[in-house]
Structure formats: structure tokens, C-alpha cells
Participant: 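Before anything else, here's the structure in question.
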Amino acid sequence: MVSSLDLPIDRLRGIGAKRLSLYQKLGVFTLSDLLHLYPRAYEDWSSPTPIREAPIEGNCCILATVLQEPTAQYIRKNMTLFRFRVSDGETGMTVTLFNANYTARQIRKGEQYLFFGSVTRRGNSFEMSAPQIDLSGANMSIHPIYPQTAGLPSKAIAAAVKQLLNDIDPLLEEEWLPGEIRKKYHLCTTRYALQNIHFPKDGEALHIARRRLIFDELFLFRLGLSQMKTRARSHTGAILRQDHTAEFIASLPFTLTGAQRRAIIDGVRDMKREFPMSRLIQGDVGSGKTAVAAGLMFSAAKNGMQTAFMAPTEILARQHILSLQKLLGERFPIVLLTASLPAAQKRAALQKLESGEALIAVGTHALLSDKVHFHNLGLVITDEQHRFGVAQRSALAMKGTHPHLLVMSATPIPRTLALMLYGDLDVSVLDELPPGRQPIATYAVDTGKRERVYTFIRRHVDAGKQAYIVCPLVGDKEEPDKELVSATAYYKKLKDGALKGISTGLLHGQMSGREKDAVMQAFSEGKISVLISTVVIEVGVDVPNAVLMVIENADRFGLAQLHQLRGRVGRGRDASTCVLISDTESPDAINRLKTMCRTADGFEIAEEDLKMRGPGDFFGLKQHGLPQMKLANLLRDMTTLKETGEAVNDIIATDPTLSFPGHHGMKEAVKALFTVNENNINN
Ligand code: ADP
Ligand code: MG
């Protein structure tokens, strides 16, 4: 018996070190992860089809009696063919097996078996080639098909899940969803749902199980959002007494755009109120969101309040420190806090935040850690909000006494989703680019033009400019596919080849914080002319002297991603160019590249993105900062979404902070859903 689902999965029989690492590839570390590794598909062995009615395409299950024992035919070395006739009582069919000595030897004349596979029909003769066979003949059920990785077949996963479900039977009794809600919305128990999502008795059981699990996901999602709205009605302990915006503006190296100025004024007005600010700054890439953040930090710091500024990647956090030093001068002590910081440095940073000596903390998710204590946290800012889990902003906001919250994002999202996600936020739009920006010329070319691209790069470098080359992979080992360009291999090739004599640099997420830092710093200072990188530079990176963005295997990236990558250039007064290299023949990919060449408007690209992906696309939602749901789909499961909204309202009407003892499990579940693994983001 197992006492906790947090135990690692090698607690199960048959899972040793080798299997363990394969499971980890699937993101399965704990028993709980395995329990929630839902099948990606099912094979329906539960209701056999008459041979005559077998579908022309796709698999089906046939229950048939063997008319004659299989006979072996030696085709050539290492290839034995077995053929035999079966009948479902009305129609005959030939079954062919290849090299299946073991199976063939067990098949007995006159016995009934289940065959699963595709049936081909020629006139009145039917044939099933290499079907799966259930030798027990009795196992009529729905079989789960799990997400797999090489060396870990679906059947092995199914066996592990089966064992787990048996071992944890008492734990399955636990319900975090109140009984009244289950009754009101006709939901099955957790035990039933988990058993039947893995091993459904029949189609109806699967449906019932899915409904409960989808309800759970959406319910927790909405409950998390409601928690943020509750926050907006509490009093803040960080009322801004004095506005120092004029002083900030006077000290800047440039003149703010009207939109930037308005956004800062909006923010300061919010921060003077007795309720915490919850404001979204929405502005396309390059619109100057950092300066808005700096403006609010300036006033906060002048009032003695601390700011926590959270970025999705370490590279971006480190860059923000440099940008802020430029925008704020050396007036305020700023500390960096990331997971990869050396222990001594981390300790020093924590100490400075706790004592209040440092007024500004810039960092990654590390800022969310329980170990971080602020002396007087007044303002929380998350940059590139769409890269975080949706409610993560609230985790940071829980520190201190209801601090003000500013979230910044470049990714425009459809209105219905926006209302749900950001319904608790006021919005300032940066609809104006800083002066002097020129449109970025964008070209899509095939790999045959690479030499010309290299010449183009050389020409820019000779003129004192810099370039990025982005590749879809990090190293050589990740994917055997020869077509894909990996940053490491490409870097080596170019350094001693086409770009010989030019100062090149390599950047990817597997480098240590210090290495990344050194490379980014060298690139910022112009010591590196061409940076060969993975998508780690996708968001936020700002080096205005870089005017050329070359993207290899451009078809491998989504539209939103391409737009963000392109946004790394065109950040100064010089004309910039983006070259998309691809040999793709996929109509969708070609469409994406064409869209990129046609427009630079983030809203238009987002709309196009949604159209092409279709509203059900998982990845699209993930890009918009929604928590990763396993079964639920915010756009498809609208009815359930509505029900969960009502259910959440019922709960928080009596217990807005989820502090009733019976709501403890629920509160924990919300937290779990809204936790994002940093590894998912820092690629
Ligand atoms: P994003 O909105 O993409 O985060 P940034 O804040 O990184 O944009 O700003 C992009 C670039 O524009 C930076 O180099 C920044 O210094 C510069 N910038 C921002 N505001 C102005 C302005 N009002 N005038 C001139 N340059 C500006
Ligand atoms: Mg930015």
C-alpha cells in the first residue's frame, strides 16, 4: 500500500532506474504524475464489429473463431509469414501475421479471439494484416493508449497505472470537491473518474470520467482567478503618498511617447488609492514597456517601497538590471535573484531584500520562493506575463500586504479569453512606438540562399551592426533529424566557415547563468557581432544595434514566436531585416511565413495565429499564459466552463479566502494547478 502520491514512481514494481528516466521524459516523476498521465487515445475493443461492416479506413475490433491453425511460410531469411482463416459466424476473413511465431503457436482452431487492426476488402474477400490479438479472447474493453517515448511502450505504462490504482485504493476515497457541488452538477467520484479515464468500462464510463476531470480542471482554474479578484477588494498596505513621475521623466535619456506617459499616469493614480493596483500594460514588441515599469518603480522607491520585477527567463532578468540602471541611474540599489545564482550571492540578495536595503529585486520565478522575504514590498511587476502561468502573478502578490500589481504583455489575445484571464485587470495600451522606428523588412527564403544570407550578414557586420541567428535546437543529440539546425553545431560550422574572422557567440538555455550572462553582456557591448542562439532570446532581449534577425527552420516556429523573435530587431533608428529560412512545403507553414512577410502588426498576427491553429489548439492557449490543462479546452468546453463559474461563486460567497477546513484540499489543488515548472519556460 502507498501512503502518499508524492512518492517517486520507482515505488512501483517493475520500475527501475532505466524505466524511471524514461518516465521522466514524459514528465512523470511522482505517483501523482502517473495517475494524471491520461491516455492520449483509446482503442475500442469493447464492441466488436461484424467483418462485413469493418470501416474502410481506420482500426476496428473483430471477434472471430479460428477455422484452421496458422501455417508458416518462409518468405526469406528472418521473415516468416503466418496465414489463417477466421470467421465471425457470417463472414470469413484471412489473417496474416509476420514473424509472430510466439503468437501463432498459441492460436488454436475452434477458439474465439479478439483481433484489432484495419481490415482491407477486395470484392468479397476480407483480410486483416498484422492485427493485435487478445489471446485470452475475453478482454472486451476499452484499451488506453498512453503518450509514449522510445523504450516505454503504452502497454507497460498501462500495467504501471493499473498497479498504482490498486495500490492507492484508499487514497482515491479523498474528495476535495464538496459533495453538494458533485450532486448539483451530476459528477462522479474521483475514484470512478480516475479508474475510468485509464480503464473505461465502456464509452459511457469514459464520458462520465472525462466530464468530472474536465470539471475539476476548469473549476480550479476559475477558483484561482476568483482568488485574484478577491485581492482587488482588500486594502493595500502600500498607498503611494507622493508622485515622482516628473523627476523620473526629466532624468530619462529619451522623451517618453504619449502612450508611455499615459500608462505611467494611470499606474500612479492606481497606486495612490487604498486598493491594490491590478493593471495590464499591453504593448507590442518594442513599444517601450520597460520604461513604464521603471517609471512606477521610481515613484515606489522614492516612497520607500520595494519593487519585485519578475521576468520569464534568466537572460531577460539579467538584461533588465542593465536597462533599469540606465533608466533609473545608480540611485536605487537593485538586486538580482535567479535560481542559478551562486549560494553566497543569493544569500546576500535575500538579506538585502529582507532588511530593505535593496529597493528593487529583479529575477525569475526564484522571486516566488518562500525563502524570499521583503521588508516593505509595495509593487510587483511581471514582464512578458503570457509566459507565466496565469495566476502566478498572484503568488508574488501574496507577499507583503496586498502590494500593487503591474503585468506587462505583448501578446494580444481574443476578447473572450481576455475577459476571463485579465477580467480583474485594468488595461493601459501602448499603441505608439518610440519615434524613428523603421519597418522591419522581412523575407522568406529557401536554404539554397544561405550563402547569400551569410554575405548579407558580413556586410552588416562590416558596417558595425550586429545580427542574430536563431536555430530550433540546442545540441546535436536531441533529434536525429538531419534537416534541423542545432545552435551548437551551426555555431561551430559558421565560426570556422562562412563567418570566419567575425566575432561570433553561442547562447542556449543549457548554459549556466554565468555563461549566458557573459555572452549576453558581450553581445550587448558589441564585442560579439553575430549571436547564434536558440529561442532563449525569444522574449524581451533588447540590443538596439542588432539589426538583422536570421531564423533557421523558420517553419518550426509558431506565428507568435516568430513575431517575438523578429521583435528583437528594429529596436533603434536603423533599418532592420528579418530573414526566414525554410524549405517547407507544408501549406500551413508557408502561410505563416507569408503572414510574417506581409505584416508586422502584433494584433493582426495574433488573429491570424488563432485562425490557423483553430480555437482548440492547446499550444496556442499555453502561449497565452493559460494554465496547462490536460483534458479541458477553454474554447470547446464552454458549458462546463459556465457551470464551474457558478460553482465557484457558490463557494466564495461563503468562504472567499477558502479558509474553511473542508476547503483545504481545494486551496491546495488551486495552488498546484497554478504552479509552473521553470524548466518548461527556460528553454
Ligand atoms: P518592449 O515593449 O518590447 O519591452 P523595451 O522596453 O525593451 O520594449 O524598449 C525597446 C527599446 O526602445 C529599448 O531600447 C528602449 O530603450 C527604447 N525606448 C523605449 N522608450 C523609448 C522612447 N520613448 N524613445 C526612444 N527609445 C525608447
Ligand atoms: Mg520587454
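Counting convention: from 1, in listed order, for ligands and their atoms alike.
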Participant: Given 3.5 Å as the limit, does a donor-acceptor pair link the side chain of Q466 with the main chain of I528, or not?
Facilitator: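 The answer is yes, because a donor-acceptor pair under 3.5 Å joins these two groups.
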Participant: Any side-chain heavy atom of T577 within less than 4.5 Å of one from V547?
Facilitator: no
Participant: I need the atoms of ligand 1 closer than 4.0 Å to a non-hydrogen atom of P434, numbered in the order shown.
Facilitator: 20 (N), 21 (C), 22 (C), 24 (N), 25 (C), 26 (N), 27 (C)
Participant: State, with a plain yes or no, whether a side-chain heavy atom of E247 is found less than 4.5 Å away from one of F298.
Facilitator: yes
Participant: Consider ligand 1: state whether an atom of it lies below 4.0 angstrom from any non-hydrogen atom of G283.
Facilitator: no
Participant: Under a 4.0 angstrom heavy-atom cut-off, which atoms of ligand 1 come close to V285?
Facilitator: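 The atoms of ligand 1 under 4.0 Å from a heavy atom of V285 are 3 (O).
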Participant: Between T599 and E604, do the side chains contain a donor N or O and an acceptor N or O under 3.5 Å apart?
Facilitator: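 Result is yes, a qualifying pair exists.
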Participant: For the backbone of D383 and the side chain of K289, can you confirm whether one donor and one acceptor N or O come within less than 3.5 Å of each other?
Facilitator: no
Participant: Quick check on contacts: which atoms of ligand 1 are under 4.0 angstrom from a heavy atom of T257?
Facilitator: 23 (N)
Participant: If you measure from each non-hydrogen atom of P544 to ligand 1, which part falls under 4.0 Å: side chain, backbone, both or neither?
Facilitator: side chain
Participant: Do ligand 1 and G286 have nitrogen or oxygen atoms that lie under 3.5 Å from each other?
Facilitator: yes
Participant: How does T255 reach ligand 1, if at all, at less than 4.0 Å between non-hydrogen atoms: by side chain, backbone, both, or neither?
Facilitator: backbone
Participant: Can you tell me how far apart CG (L336) and CD1 (I321) are? Round to the nearest 0.5 Å.
Facilitator: 4.5 Å
Participant: Report the part of K326 (side chain from C-beta onward, or backbone N, CA, C, O) that has a heavy atom under 4.0 Å from ligand 1; answer both or neither where that applies.
Facilitator: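 Looking at K326 and ligand 1, no heavy atom falls under 4.0 Å.
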Participant: Is any side-chain N of the basic residue among R459 and D462 closer than 4.0 Å to the acidic one's carboxylate O?
Facilitator: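 No, no charged N to carboxylate O under 4.0 Å.
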Participant: Please, which pairs that meet salt bridge (charged side-chain N to carboxylate O under 4.0 Å, His left out) have at least one residue in residues 318-328, sequence neighbours excluded?
Facilitator: E314-R318, R318-D517
Participant: Counting heavy atoms only, which of E432, R437, Q564, R568 is nearest atom 11 (C) of ligand 1?
Facilitator: R437
Participant: Considering the heavy atoms of T290, write down every atom of ligand 1 situated less than 4.0 Å from one of them.
Facilitator: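 Listed by number with element, the hits are 4 (O), 5 (P), 6 (O), 7 (O).
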Participant: Heavy-atom distances under 4.0 Å are what count here, so tell me which part of L256 touches ligand 1: side chain, backbone, both or neither.
Facilitator: backbone
